[in-house]
Number of protein chains: 4
Amino acid sequence: MHPEPPDQRASRHDARRPLRADARRNRARVLAAADAVFASEGAATTTEAVARAAGVGVGTVFRHFPTKDALLEAVFVARLEVLAEEASALADAEDPGAAFFEFFTRVIEQSANRHTFAAALAATGVDVEHTTAVTVGDDLLDALDHLLMRAQEAGAVREDVSVSEVIALLVGTTRAAEHAGWDPTVQARTLAVVCDGLRPATDATP
Amino acid sequence: MHPEPPDQRASRHDARRPLRADARRNRARVLAAADAVFASEGAATTTEAVARAAGVGVGTVFRHFPTKDALLEAVFVARLEVLAEEASALADAEDPGAAFFEFFTRVIEQSANRHTFAAALAATGVDVEHTTAVTVGDDLLDALDHLLMRAQEAGAVREDVSVSEVIALLVGTTRAAEHAGWDPTVQARTLAVVCDGLRPATDATP
Amino acid sequence: MHPEPPDQRASRHDARRPLRADARRNRARVLAAADAVFASEGAATTTEAVARAAGVGVGTVFRHFPTKDALLEAVFVARLEVLAEEASALADAEDPGAAFFEFFTRVIEQSANRHTFAAALAATGVDVEHTTAVTVGDDLLDALDHLLMRAQEAGAVREDVSVSEVIALLVGTTRAAEHAGWDPTVQARTLAVVCDGLRPATDATP
Amino acid sequence: MHPEPPDQRASRHDARRPLRADARRNRARVLAAADAVFASEGAATTTEAVARAAGVGVGTVFRHFPTKDALLEAVFVARLEVLAEEASALADAEDPGAAFFEFFTRVIEQSANRHTFAAALAATGVDVEHTTAVTVGDDLLDALDHLLMRAQEAGAVREDVSVSEVIALLVGTTRAAEHAGWDPTVQARTLAVVCDGLRPATDATP
DNA sequence: GATGAATGAGACTTCATTCAT
DNA sequence: AATGAATGAAGTCTCATTCAT
């Protein structure tokens, strides 16, 4: 009630000192559970559901993530990290075009598995206040930019698209796949359409 | 909201008897307000907000739409109807290819205006229980199918896509545009990519 | 969660239009119940307890007082109003000295009955943000000032005390009486001591 | 907190065996920290806050004081002890009247410093179940009784007040001073009023 | 003994829905 | 029919207390 002014909403512990082994383990469990639950039930599920899925009490969830929003953000960040790593891994691939489309395809497929990677992508560049998200998002953006540029230089991707459009298409295609109920056929065809659309127009000059 | 058991509630009044003039007028006002409010504030807004926007009391909203979900569905249906009409209007266009892409483009643009037509499209074919939605959805599906078939016959759209993929792409592209914050440039380029991807491959036979 | 920015914390209804008859009745019941419950169980009781005592649901309490703090403040204001009226009623009494001590005595006695008028007095002049409380508090202050001044002019109260001290002594004596478990004897003697202390020193000039 | 049934829990360790040196040191630190924190933030602060102020973990606080209430009581007792000592020290003063008023004044002043000695006084004689508090309270009562009696015999204090009233006035005056925001002027005047009120009526015999 | 992570009951508050006016 | 007050289930978050390390 009254005694709340000092509400800087930070986690309970002194963020600097690394967590105790068991605490770190629990934090990870909560994060994993949250990822799964949010994916399958939407961001509207209750925190209790997350706690239950993680096999801990609500208190524990709130100890690690002071707010439901903080938990959501943490899930997003984790997802972005995975994507950023994938993109980085493909950074020096021999065939830049293949690498680019490979990444594109993988994102959609992963989303089909994790059931809403989309949400992660959606977090890119949005909500400037969420510092962590933005930082990680930047990593992803950089890696993706690199992938795209090389693919364009190799003539595998049309020149008039930039990362913005690629991200948008990534998000959109994932949404499309989701809408199709993740039906493999529709998903494949949708992906094909978008990928073909991304290739340079074959100017039929003889 | 959702977790209610299949509780088939009907509107308060006898569906057969036509509404009194003022009642009909109120229903329309509520629907319009709901469309606007849900669009700008998301489906999570309170029913009170809708009522306020419509200039009526909550009671009135519930009299016309027995449930918040029912109200949401009604909004969806209304949006689908508009789309179905658009599609029908283009059914006999001279240039089937142009007609198809015209529709595609319009959907995205309208979404940008209404700010979440996406949600409407997303309702197509989902939630089999929502009978009305399904019915209207079928109309839209039929009209779209017609548009697609003619465009394919005219050689303007690749053969390996069906309505399912088109719908998915419609939903996805709208989502992409939404993600891009409805930025006109990104929107245009995204749309271009998808449309180009939908065209038949220009087989580079000399 | 998210949709909270517009949190101006006002009561639900349009404060300007007078409440419906039943609503006003309920508001009064809630206020009375709150006064009683807070008095007997302390400000820490749950809002549910207040609701129960008022015979309404929690929702109703929150409809009228958007916050537990708001409810507490309302109770304070109500108490201050009563005191202010009492003081005003004595404003033109014939014997200013008697009037002053009459008021002093009454406050203590009333506190014994209502069991914590003290809290009300305690609110005087504190918490500058609570506008209503301050306004009403000012009324009380003015009335009390008037009472005091007249009593001093009449030579019934020592010259070196101002309203501040009187208020403080009022609060303190009530607290003393409360501490004594409202034992009538102790209360009477305590009051006698304070009142005697407030009279001018009988300068023993022959 | 309170609503627990009479659950007579004892401290974790065997009360008879003296504590280890470091444990005793910790107990003292916790008690001091609790005194300070409760004084400045009210009894509603969290146990964590106390632990933090003491530079120990919550667990340690609970090891020494099995309950938050127990901690509060311990703080009260400690405060009462100080008061009792003060009173004892003045027991044989040459001028009994001066000694009495000296004690009275000191209590208020100390409260101003510690900012809520009041709470300590308030514990006197209340809550019969808190055995320790009662015992120590008795010491204080005895010492105060002695002080009062001697002062009355010396004709410095009116005959119609007993320890009960003195305690009540002590509590009340402290409360008054607290209400006045510990403003030195108001405090001094309030004190003067009460002290004057405690003196025998100067019977105006020529 | 000390630590701080985990626990979960319980507090506050919101909002879909009902119902008296 | 319309209104808006009342209701109470449910969600988020806090904090006294326990317990593994």
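In this text, all values refer to a predicted model and were calculated from it rather than measured experimentally.
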For DNA chain F, write out the stems as range with range, using runs of 3 or more consecutive Watson-Crick or G-U pairs with both distances under 3.5 Å.
E:2-21 with F:2-21
Using atom [atom1] of [X] as one end and atom [atom2] of [N] as the other, report the distance to the nearest whole Å.
X	N	atom1	atom2	answer
B:Leu72	E:dT17	CG	C1'	15 Å
D:Glu48	F:dT18	CD	P	15 Å
C:Glu41	E:dA11	CD	P	11 Å
A:Arg24	F:dT21	CZ	P	15 Å
B:Arg63	E:dT21	CZ	P	17 Å
B:Asp69	E:dT17	CG	P	7 Å
B:Phe62	F:dA6	CZ	P	17 Å
A:Arg52	E:dG8	CZ	P	12 Å

All side-chain contact (heavy atoms from CB on, under 4.5 Å) counterparts of D:Asn26, not counting sequence neighbours
D:Arg29, D:Val56, D:Thr60, D:His64
Checking D:Thr45 now: which residues fulfil side-chain contact (heavy atoms from CB on, under 4.5 Å) with it, not counting sequence neighbours?
D:Val37, D:Phe38, D:Glu41, D:Ala49
Within this structure, what is the CZ-OG1 distance for the pair D:Arg52 and D:Thr47, rounded to the nearest 0.5 Å?
11.0 Å
About how many Å separate CZ of B:Phe65 and CG of B:Leu31, when rounded to the nearest 0.5 Å?
4.5 Å
D:Lys68 side-chain N/O to D:Ala43 backbone N/O, donor-acceptor pair under 3.5 Å
yes
Any sub-3.5 Å donor-acceptor pair from B:Arg63's side-chain atoms to B:Ala23's backbone N or O?
no
Under 4.0 Å: is that the gap between some side-chain N or O of D:His64 and OP1 or OP2 of E:dG1?
no
For F:dA5, does OP1 or OP2 lie under 4.0 Å from any side-chain N or O of C:Asn26?
no
Hey, which of these two, A:Asp22 or C:Val56, hits DNA chain F nearer its 5' end, going by closest nucleotide?
C:Val56
Select from D:Val58 and A:Thr47 the residue whose nearest nucleotide in DNA chain F is closer to the 5' end of that strand.
A:Thr47
Could you say whether C:Arg25 or B:Thr45 is positioned toward the 5' end of DNA chain E, judged by the nucleotide with the nearest heavy atom to each?
B:Thr45
Between [options], which nucleotide gets closest to the side-chain atoms of [X]?
X	options	result
A:Lys68	E:dA6, F:dT12, E:dT13	F:dT12
D:Ala23	E:dA6, F:dC13, E:dA2	E:dA2
B:Thr60	F:dA2, E:dA2, F:dA16	F:dA2

Evaluate the side chain to side chain contact (heavy atoms under 4.5 Å, CB included) criterion for residues B:Val58 and B:Thr46: first the C-alpha distance (whole Å), next the side-chain angles of each, then the deciding distance (0.1 Å), finally the verdict.
CA-CA 10 Å; B:Val58 235; B:Thr46 66; over 6 Å; no
